[in-house]
Amino acid sequence: MSQKPSIPKGTRDFTPQEMANRNYIFNTIKSVFQLYGFQQIETPAMENLSTLMGKYGEEGDKLLFKILNSGDFLTNVNDAELLERNSIKLTNKIAEKGLRYDLTVPFARFVVQNRDKISFPFKRYQIQPVWRADRPQKGRYREFYQCDVDVVGSDSLLNELELIQIVDEVYRRLKINVVIKINNRKILSGIAEIIGEAEKITDITVAIDKLDKIGLEKVNEEIASKGISQDAIDKLQPILQLSGTNAEKLNRLKSVLAGSETGLNGVEEMGTIFTLCETMQIQTKVELDLTLARGLNYYTGAIFEVKAMDVEIGSITGGGRYDNLTGVFGMPGVSGVGISFGADRIYDVLNQLNLYPETSEEQTQVLFVSFGENELMYCLPWLKTFRENSINCEIYPEPAKMKKQLSYADNKNIPFVAIVGENEMNANKVMLKNMKTGVQQLCSPEEVIREIGLK
RNA sequence: GUGGUUAUAGCUCAGUUGGUUAGAGCGUCGGAUUGUGGUUCCGAAGGUCGCGGGUUCGAGCCCCGUUUUCCACCCCA
């Protein structure tokens with residue numbers, strides 16, 4: 001009575017090889033975060049649904065995984081409610097927890113709840129999986145990791161600079177060519193204001209965000225379908241087609257947005273950020289892209305998006321400035337800015353470009369091969385010594401045939417084997433074999449440590 | 001949520017117009033080789049053809065449903 005095992009839609013297993021590769025990404029990101037003084041936190045996989053609901057819009061609520069209450073969860077539901085078959089209403093009665101959808105909202109909750117233990121500005125990073133009941137497809141999963149780094153409680157644009165520096169450093173270390181696209185919500189608001197459609201800011205930004213994907217014509221169609229006047233659309237055209245250097249674009253915007261205080265404010269912020277980037281000699285290309293909008297409505301200032309140049313994949317990092325994120329949890333006036341590295345997409349990029357380092361630090365360096373109980377016992381103190389010297393080693397735990405033990409080393413890509421039989425025990429040594437060259441020699445513990453240390 | 005697509009051995013995949021006992025490569029295990037891996041040779045194990053129904057004398061193949069895979073849209077990392 002065996003059944004074929006499977007895992008839920010949109011989830012994945014990771015093999016040891018894959019984990020080594022993923023850890024390379026996480027460790028790289030982590031060490032850069034720490035370089036800038038960010039500290040790690042974790043929050044629970046599940047949150048109260050009241051914390052999550054309504055934070056991601058109506059679409060987002062549908063994508064939340066809800067957790068059925070334990071026990072007899074129908075106790076509080078009466079027959080009338082059951083017969084009504086209203087899923088949303090019923091869900092509220094039978095599920096009070098859900099899996100986290102991102103790391104930002106739980107972080108906002110964390111800040112409010114732990115404000116007495118935090119000193120501001122609070123710089124935190126968080127690397128954890130999130131879950132979305134989305135339909136999986138390329139580069140898109142139902143369980144995936146986010147690597148979030150945020151500063152809250154500081155309005156300074158130096159924070160924006162630091163985030164750009166972090167992006168620059170992380171992708172240099174990972175050897176991925178990227179371009180950082182940057183825009184400002186205030187500029188977008190200013191534009192909406194100038195063309196006389198300030199109310200429709202969301203519809204406009206959502207549409208122009210698709211510009212490089214569907215083209216100018218379709219964008220205009222979509223904007224028109226949202227009830228925006230032809231006059232406004234005409235005014236929008238020169239702005240959408242703005243080109244040149246960042247400075248040229250900003251200059252042009254300054255005159256276009258002359259009538260909008262918010263817009264000018266945004267232009268000035270961008271100017272400051274570009275100057276800072278130049279001063280700090282950011283190597284990655286930082287490009288003002290007015291078509292960058294990002295769907296999330298809680299952004300209020302700068303918005304970032306990072307694209308890989310050599311691979312066709314969605315954005316691999318994104319974020320922005322959000323004022324008052326903690327407001328919904330009763331703590332107003334806390335401004336924050338942060339970005340999120342999409343670890344799973346970075347993983348896909350590295351896989352396609354094959355950019356992993358050749359040797360992994362996690363790998364076993366020596367395998368002890370032995371032929372009987374006596375040999376096993378003889379090896380144990382050796383293993384202890386090696387481990388005390390930080391050499392990853394293991395012993396084949398049963399007296400199998402040599403062929404089998406060596407194949408095991410081969411499959412695990414272990415560079416050295418220490419063969420132990422009667423001769424070696426009598427000499428108080430091991431036969432150390434280099435699996436790559438095939439060369440072997442009798443060695444004392446010190447000699448083995450030296451030999452492997454040389455690698 | 002909408003549209004398309006896929007499912008056959010542990011993995012990657014063949015399988016003719018619906019016709020007897022469903023094949024290959026890789027991997028696994030055993031042997032050639034009792035203390036030497038990767039290469040080679042020989043052999044073996046391994047399948048309710050995703051699941052449920054239907055058509056048919058007969059279904060891996062046709063029809064319906066369902067689940068799953070991948071892809072596009074919506075949205076997003």
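Since the model is a prediction, treat every value here as computed from it, not as a measurement. Throughout, protein chains are lettered first and strands after them, A, B, ... in sequence-line order, and every chain is numbered starting at 1.
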Query raised in the report: With sugar-phosphate meaning primed atoms plus P, OP1 and OP2, does I419(A) contact a base, only sugar-phosphate, or nothing at under 4.0 Å between heavy atoms?
Result: base

Query raised in the report: Which of these nucleotides, G35(B), U36(B), G38(B), is closest to any side-chain atom of K433(A)?
Result: U36(B)

Requested in this report: Side chain of K9(A) only, please: which of G35(B), U68(B), C73(B) is the nearest?
Outcome: U68(B)

Report task. For S340(A), answer base if it contacts any base atom (sugar-phosphate contacts may also be present), sugar-phosphate if it contacts only those atoms, and nothing otherwise; contact means non-hydrogen atoms under 4.0 Å. Result -> nothing

Query - Selection from A72(B), U36(B), A77(B) that lies nearest to any side-chain heavy atom of K138(A) - result: A72(B)

Query raised in the report: Counting side-chain heavy atoms from CB outward, which of U36(B), G1(B), C76(B) is closest to R135(A)?
Result: G1(B)

**Report entry** Electrostatic pair R450(A)-E447(A), nearest N-O below 4.0 angstrom
**Finding:** no

Query raised in the report: When we call it a touch if two heavy atoms are under 4.0 Å apart, what does Y141(A) touch: a base, just sugar-phosphate, or nothing?
Result: base

Query raised in the report: Is it true that K412(A) and E394(A) have a side-chain N and a carboxylate O under 4.0 angstrom from each other?
Result: yes

Query raised in the report: Hey, does G57(A) reach any base, or is it just sugar-phosphate, or nothing, if we go heavy atoms under 4.0 Å?
Result: nothing

Query raised in the report: Going by distance alone, is a donor N or O of one side chain under 3.5 Å from an acceptor N or O of the other, for Q126(A) and D148(A)?
Result: no

Query raised in the report: If you look at every strand shown and take non-hydrogen atoms under 4.0 Å, does K412(A) touch a base, only sugar-phosphate, or nothing?
Result: nothing

Query raised in the report: Which part of the nucleic acid, if any, lies within contact of E424(A), taking any heavy atom under 4.0 Å across all strands shown: a base, the sugar-phosphate backbone alone, or nothing?
Result: base

Report task. Give Q405(A) one of three labels, base, sugar-phosphate or nothing, depending on what nucleic acid heavy atoms sit under 4.0 Å from its own. Result -> nothing

Report summary line: Considering only heavy side-chain atoms of F144(A), the closest of G37(B), A77(B), C74(B) is A77(B)

Query raised in the report: Which is true for E59(A) with a 4.0 Å heavy-atom rule: it touches a base, it touches only sugar-phosphate, or it touches nothing?
Result: nothing

